[in-house]
Amino acid sequence: MTDQAALASKVEPGVSQLRCIGCAAVGEEGAKSVRCAQCGDLLEVAFPGWKTDAGARAAGLDAAGLKKLWLERRTSWNALDESGVWRFREILPALNDWNRVITLREGNTPVYELPSCGRAAGVEQLFAKHQGMNPTGSFKDTGMTAAASFARQGGFRWVACASTGNTSASMAAYAARAGMRSLVLIPQGQITWGKLSQALDYGAVTCQLKTDFDGCMRVLDEVVQRMPVYLLNSVNPYRLEGQKTAAVELLERFDWEPPDHIIVPGGNLGNSSAIGKALLEMKELGLITRLPKLSVIQAEGANALVRTMRETGGKELVSVHAETMATAIKIGSPASWKKAVRVIEATGGAVEQVSEVEMALAKAEIGADGIGCEPASAVTLAGLKKLVKQGFVKKNESVVLILTGNLLKDPDFTLKFHRGDLFAGTEHEEEAAEVLTPRQRAPMVLDASANAVVKVLEYAEQTDPRK
Ligand code: F0G
């Protein structure tokens with residue numbers, strides 16, 4: 001037995017099952033389909049042994065013991081312990097053979113204080129958990145290590161996803177590590193070069209379809225019916241299990257004293273569903289005694305969840321034709337909307353939407369705090385400003401923004417922003433000029449002389465807004 005398997009065998013993971021979120025039918029664990037065979041709704045991983053505190057203890061899930069065990073693993077060199085996902089394996093579905101886990105040492109991402117962003121939003125305690133610090137630069141890696149490992153356990157040769165870029169980058173990397181082939185469907189001309197280049201580098205068969213993300217998803221649904229290919233979009237329940245750990249890690253970092261609010265960007269709504277599931281499960285297991293409110297922010301042009309909540313009270317999905325520069329969340333028909341509605345309601349969170357200019361300003365503010373993120377992540381700060389104005393978030397409450405992607409995923413957006421041409425020729429041009437100009441730092445082309453550089457330096461010092 002290898003070290004990895006020996007260590008894993010010392011723990012008794014909770015027994016899990018796949019259950020339909022619609023009709024509650026229990027499916028076959030590890031089955032190929034990610035939808036309910038009875039009614040077609042999404043599946044989720046359930047842990048029936050956790051129903052009560054006594055049940056949790058019987059499954060070896062004593063809260064104090066788990067907290068101690070998870071923290072101790074941070075000093076271990078075992079690959080499972082080094083992963084910020086598998087470190088928490090007692091609350092994840094168990095693999096038959098722990099040696100089959102595919103890990104790039106994902107998770108264990110930093111939590112930063114954001115003092116000036118906090119001032120801009122009007123809250124005293126603002127933090128960012130930066131999931132863009134994962135191996136392929138986005139939060140997707142935490143889910144992918146789980147789902148790709150189950151794909152390998154299931155004996156699949158091919159895995160596939162439709163993507164706005166980050167899922168495909170992550171899936172291609174994990175598939176390559178596992179010796180599996182990967183198929184990527186992306187909307188032509190609508191994903192960033194950074195993300196596209198990752199999928200190519202990691203050896204994915206990459207198809208740019210002449211449609212949007214929602215169209216890619218429809219095509220892929222048919223492909224997986226016809227070919228022996230395992231679907232790794234976030235409708236895959238194992239993805240969400242891995243993504244839960246971002247919330248667990250966050251609570252551990254706060255010594256299990258929950259913040260008042262957690263704010264996430266919403267696209268296909270897998271991430272908000274996963275984080276919400278983790279919060280509810282942690283409460284159920286007695287790891288925390290109070291739930292943070294989980295709020296989801298969307299771009300105005302891709303606001304299916306916002307409309308779903310406002311127009312139908314979360315009962316029927318209102319699909320939209322998505323348009324936003326935040327290509328990561330340019331999604332009109334979010335697959336996990338029901339799961340997201342459930343956790344937003346259970347935690348008492350809110351949904352909000354922000355304009356393109358509000359998002360661009362927030363991204364520059366996060367960058368100016370020395371953190372940086374991709375545009376989709378910045379909707380969190382822009383949304384927080386609105387939630388504070390509405391009184392939903394109070395000045396003295398603690399808030400954590402989940403930043404989902406690395407700044408370097410979309411350098412084009414940042415360059416255009418600072419050159420001042422991000423909104424050129426659009427209806428937002430005037431508003432952008434007024435709001436964004438003070439934040440712009442265009443690169444300068446100079447003669448190769450010290451004099452020229454010194455002049456620039458002197459001018460920058462005289463006009464420093466922070467003086
Ligand atoms: N932020 C980033 C950077 C993303 O890439 C995504 C989704 C989201 C937020 C939204 O997360 O879909 O779980 O609500 N990107 C997917 C992709 C859709 O294909 O990479 P969600």
Side-chain angles (χ1 to χ4, degrees), residues 4-5 8-9 11 13-21 26-37 42-48 79-80 83-107 134-136 139-163 167-168 170-184 202 204 220 224 227-246 248 270-271 273-274 277-278 281 335-336 339:
Q4 196 162 310
S9 70
V11 296
V15 177
S16 62
Q17 54 184 214
L18 288 179
R19 193 177 57 195
C20 173
I21 63 163
V26 174
E28 197 189 324
E29 180 85 4
K32 179 196 166 182
S33 173
V34 297
R35 290 189 177 272
C36 175
L42 295 185
L43 301 174
E44 67 177 354
V45 175
F47 299 88
L80 286 180
S83 160
V85 170
W86 299 106
R87 190 157 72 82
F88 302 105
R89 52 193 172 271
E90 286 74 13
I91 54 166
L92 301 178
L95 285 145
N96 299 338
D97 176 359
W98 291 98
N99 285 308
R100 307 292 283 168
V101 166
I102 308 155
T103 172
L104 285 164
R105 314 302 191 271
E106 52 290 316
N134 268 294
T136 74
F139 72 100
K140 306 287 183 183
D141 295 341
T142 55
M144 208 52 79
T145 182
S149 297
F150 276 93
R152 180 154 77 167
Q153 174 169 293
F156 286 98
R157 229 173 81 67
W158 280 90
V159 290
C161 71
S163 180
T167 300
S168 48
S170 181
M171 181 190 74
Y174 282 83
R177 297 294 296 168
M180 294 185 293
R181 302 295 313 277
S182 62
L183 170 72
V184 162
Y202 304 137
L220 186 61
V224 297
M227 303 292 288
V229 169
Y230 191 56
L231 183 66
L232 283 189
N233 274 92
S234 59
V235 293
N236 183 307
Y238 297 110
R239 281 268 312 276
L240 301 200
E241 290 303 296
Q243 285 175 211
K244 284 191 321 195
T245 57
V248 185
N271 202 29
S273 303
K277 185 172 192 277
E281 289 180 356
S336 293
K339 290 185 179 180

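Here the structure is a predicted model, which is why all the values come from computation and not from measurement.
- Put simply, CG on N271 and CD on Q243 are 5.0 Å apart, with the number rounded to the nearest 0.5 Å.
- The heavy-atom pair separating S234 from S336 by the smallest distance is O-OG, 4.2 Å.
- When side chains are defined from C-beta on, L104 does not count as touching D141, because their heavy atoms never get closer than 4.5 Å.
- Between the side chain of S149 and the main chain of T145, a donor-acceptor pair closer than 3.5 Å is present.
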Checklist line | Residues R35, L42; criterion side-chain contact (heavy atoms from CB on, under 4.5 Å); working and verdict | finding: CA-CA 5 Å; R35 290 189 177 272; L42 295 185; 3.5 Å; yes
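- Without hydrogens or angle criteria, K339 side chain to L43 main chain gives a donor-acceptor distance under 3.5 Å.
- The shortest non-hydrogen separation linking A274 to K244 is O-CG, 3.5 Å.
- Shown here for A151 and V159, the closest heavy-atom pair between the two residues is CB-CG1, 3.8 Å.
- Nearest approach of Y238 to P93, heavy atoms of both residues: CD2-CG, 3.8 Å.
- Annotation for R177: atom CZ does not count as buried by contact number, only 12 or fewer foreign heavy atoms lying within 6.0 Å.
- Under the 4.5 Å side-chain criterion, counting only non-hydrogen atoms from C-beta, W98 is in contact with R89.
- Once rounded to the nearest 0.5 Å, the distance linking NZ of K140 with OG of S163 reads 6.5 Å.
- Listed by chain and number, the residues in a salt bridge (charged side-chain N to carboxylate O under 4.0 Å, His left out) with R157 amount to none (sequence neighbours excluded).
- Remark: the backbone N or O of L231 is paired with a side-chain donor or acceptor of N236 at under 3.5 angstrom.
- A 4.5 Å side-chain heavy-atom check between L18 and V45 finds at least one atom pair inside the cut-off.
- The side-chain heavy atoms of Y174 and P135, taken from C-beta on, include a pair separated by under 4.5 Å.
- The closest donor-acceptor contact from the side chain of T245 to the backbone of G242 lies under 3.5 Å.
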Practice problem: Take N233 and M171, measure what side-chain contact (heavy atoms from CB on, under 4.5 Å) needs, and give me the verdict at the end. | Solution: CA-CA 9 Å; N233 274 92; M171 181 190 74; over 6 Å; no
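- Between L232 and F156 the shortest side-chain heavy-atom distance does not fall below 4.5 Å.
- The main-chain N or O of N96 is found under 3.5 Å from a side-chain atom of Q153 such that the two form a donor-acceptor pair.
- Annotation: side chain of Y230 is not in contact with side chain of M180 (no heavy-atom distance under 4.5 Å).
- Residues E241 and F150 are not in side-chain contact: their nearest non-hydrogen atoms beyond the backbone lie 4.5 Å or more apart.
- Side-chain atoms of S182 never come within 3.5 Å of backbone atoms of A160 as a donor-acceptor pair (strictly under, hydrogens ignored).
- Taking all atoms of both residues into account, the shortest heavy-atom contact from A162 to L220 is N-CD2, 3.2 Å.
- Of all heavy-atom pairs spanning R152 and N99, the tightest one is NH2-O, 4.1 Å.
- At least one side-chain heavy atom of T136 sits less than 4.5 Å from a side-chain heavy atom of Y202.
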- [ ] Go through the steps to decide whether F47 and E281 satisfy the test side-chain contact (heavy atoms from CB on, under 4.5 Å), and finish with yes or no.
- [x] CA-CA 9 Å; F47 299 88; E281 289 180 356; 4.0 Å; yes
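- K277 and E44 are not joined by a salt bridge, as no carboxylate oxygen comes within less than 4.0 angstrom of a charged side-chain nitrogen.
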Item to check | Verdict with reasoning, V85 to T103, per side-chain contact (heavy atoms from CB on, under 4.5 Å) | outcome: CA-CA 9 Å; V85 170; T103 172; over 6 Å; no
